[in-house]
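Since the structure comes first, as structure tokens, the remarks are kept for the end.
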Protein chains: 2
Amino acid sequence: MATKTFRQPVVTVDAVLLTIEEDILKVLLHRRQQDPFAGRWALPGGFVHPDEDRDLPQTVSRILRDKAGLAGVYLEQLRTYAGPDRDPRGWSVSIAYLALVPRDALPEELDERTSLHPVSGLPDLPFDHGRQIADAAARLRGKGAYSSLPAAFLPESFTLPMLQRTYEIVLGEALDQSSFRRKIADLGFLEETGEKSKAASARPARLYRLTEPVRIFNRSLGGNQA
Amino acid sequence: MATKTFRQPVVTVDAVLLTIEEDILKVLLHRRQQDPFAGRWALPGGFVHPDEDRDLPQTVSRILRDKAGLAGVYLEQLRTYAGPDRDPRGWSVSIAYLALVPRDALPEELDERTSLHPVSGLPDLPFDHGRQIADAAARLRGKGAYSSLPAAFLPESFTLPMLQRTYEIVLGEALDQSSFRRKIADLGFLEETGEKSKAASARPARLYRLTEPVRIFNRSLGGNQA
DNA sequence: AAAATAGTGTCTGTTAGACATTATGGC
DNA sequence: GCCATAATGTCTAACAGACACTATTTT
């Protein structure tokens, strides 16, 4: 297929789906079935279907469902990438979405077209997908310090040690246990379920759940990249 | 012109250009020359011209130049608005940009097609422009507390009282003079020009300029909407 | 010298980080 | 009772906010 210039740019969406597996931040990649870049690993993405999609989150959900068998994820618009060079077919616009899921919201075994790849140490990716992932990780780090966003990586109920480990992975630094719990308690976006963790452990931890989807704080939980 | 559904969405950009005039945050509106909504006040916007524009910031610059006679502004992507209902012509995508300028970067007298309107108390605007402006103001407020962004409203050299007033307008609250200056000094993104303000005043203030375009802080300069 | 605005100093309560200590459940 | 992990308490240094004070220029 030859390079072609469109009178109006082509519009696609891309999904940067992040999850934590074995305490490592990973991104979902999908092997491209079609040109350009057929056979290469890339972000899942696709065209908007005006007849089918009510809005962009729905476009993204449809694509993630088709390519990764996935429901109910945290979804937020990341940013829009555009220009004449990012796609060999010509001037294009891609609206990127950031998706966060607990590992077990994905199929236990991914098919061969799909894989989770550590965010640090990615291979060269087609289009501007490398940059998109870098931007997504930066957004997660920045917003993670000031919100309950990292909890999107956890199942519905979780323990404080799990939550703290998740924040530490997101922020890339160790957090003090005492300070962490004080702030969590002050912010008050958790409630006890009354249950305790069933994981085999010396002392089972209490289980909590969120009282609201995402909370933005005014104080930081660490990660002030001084 | 009848309603029509496109096989691919139409792509436009919109510019939310903010400035401060008489200590009030204002947005630049432009009277629409064409349908839909001809004659109504709306954000300046337009189509991407793939043959002419290297990227979206250039599209926005072109539009601002044509509609508001403007050069060299702070530009940052705001977010993308899309869906079947926002434009009566059908499924559309608009990438909105936030532009910040000092008042005197605009023509002293604006033509009749163009006006600066206070951000609070806007009339009903077509498309989703009301929401775009609200989002832009929210972004400015949020980022303003943690960056030198408000300085984009000031000329190249300015005094500390001017800077503080600008932050107060952006954040919507009074700031303590002493704390403000302490933090500014600690952050160190200003340098003295050696000059003093020429404005008629009891005691002329020292003039400063930025040492870098925009700085993101890890501490806040106020505006923690507790 | 009085007025007005610019700029500095001091005090105090709050908060984050470091680290020590206590509690609880499995074996 | 011992071990491992969970949970809480205490001390200290840094910092923001409030407010008083000093400095400099115009009239």
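Scope of the values below: all heavy atoms of this structure, side chains included, with no hydrogens, waters or symmetry mates. The chains referred to below are lettered A, B, ... by the order of the sequence lines, with proteins before strands, and numbering in each begins at 1. Please read all numbers here as calculations on a predicted model, not as lab measurements.
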Rounded off to whole Å, could you give me the [atom1]-to-[atom2] distance for the [X] and [N] pair?
X      : N      : atom1 : atom2 : result
B:K198 : C:dT5  : NZ    : P     : 20 Å
A:Y167 : C:dA16 : OH    : P     : 14 Å
B:L160 : D:dA23 : CG    : P     : 19 Å
B:L207 : C:dG7  : CG    : P     : 10 Å
A:N218 : D:dC15 : CG    : C1'   : 16 Å
B:R219 : D:dG17 : CZ    : P     : 10 Å
B:L221 : D:dC15 : CG    : C1'   : 13 Å
B:Y208 : C:dG7  : OH    : C1'   : 9 Å

A:P126 to A:A42 - nearest heavy-atom pair and separation: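 Minimum heavy-atom contact is CG-CB, 3.8 Å.
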Heavy-atom pair of closest approach, residues B:W41 and B:E112: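 Residues B:W41 and B:E112, closest heavy atoms: CH2-O, 3.7 Å.
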Neighbour count above 12 (heavy atom, 6.0 Å) for A:D186 CG: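 Yes, CG of A:D186 has more than 12 neighbouring heavy atoms, counting only those of other groups under 6.0 Å.
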Atom CD of A:E156: over 12 foreign heavy atoms under 6.0 Å: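 For A:E156, atom CD is not crowded (no more than 12 foreign heavy atoms under 6.0 Å).
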Partners passing side-chain hydrogen bond (donor to acceptor under 3.5 Å, both in side chains) against B:Y167 (at least two apart in sequence or in another chain):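 side-chain hydrogen bond (donor to acceptor under 3.5 Å, both in side chains) list for B:Y167, sorted by chain: empty.
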Flag side-chain contact, heavy atom, 4.5 Å: B:H117 against B:P123: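 The answer is yes, as the side chains (C-beta and beyond) meet within the 4.5 Å cut-off.
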Donor-acceptor contact present, side-chain B:R139 to main-chain B:A134, <3.5 Å: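 No, B:R139 side chain to B:A134 backbone: no donor-acceptor pair under 3.5 Å.
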A:S179 backbone acceptor or donor facing A:D176 side chain under 3.5 Å: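 At least one qualifying donor-acceptor pair exists.
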Check: A:R86/A:S92 side-chain N/O donor and acceptor closer than 3.5 Å: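 The criterion, which ignores hydrogens and geometry beyond distance, is satisfied for A:S92 and A:R86.
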Footprint string (nucleotides 21-27 of chain C, 5' to 3'): B base within contact, S backbone only, - free, heavy atoms under 4.0 Å: --BBBS-
Close residues, residues 176-192 of chain A, relative to DNA chain C [heavy-atom separation under 4.0 Å]: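 Here the set is A:D176, A:S178, A:S179, A:R182, A:K183.
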Side-chain N or O of B:R206 closer than 4.0 Å to phosphate OP1/OP2 of C:dA6: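 For C:dA6, neither OP1 nor OP2 has a side-chain N or O of B:R206 closer than 4.0 Å.
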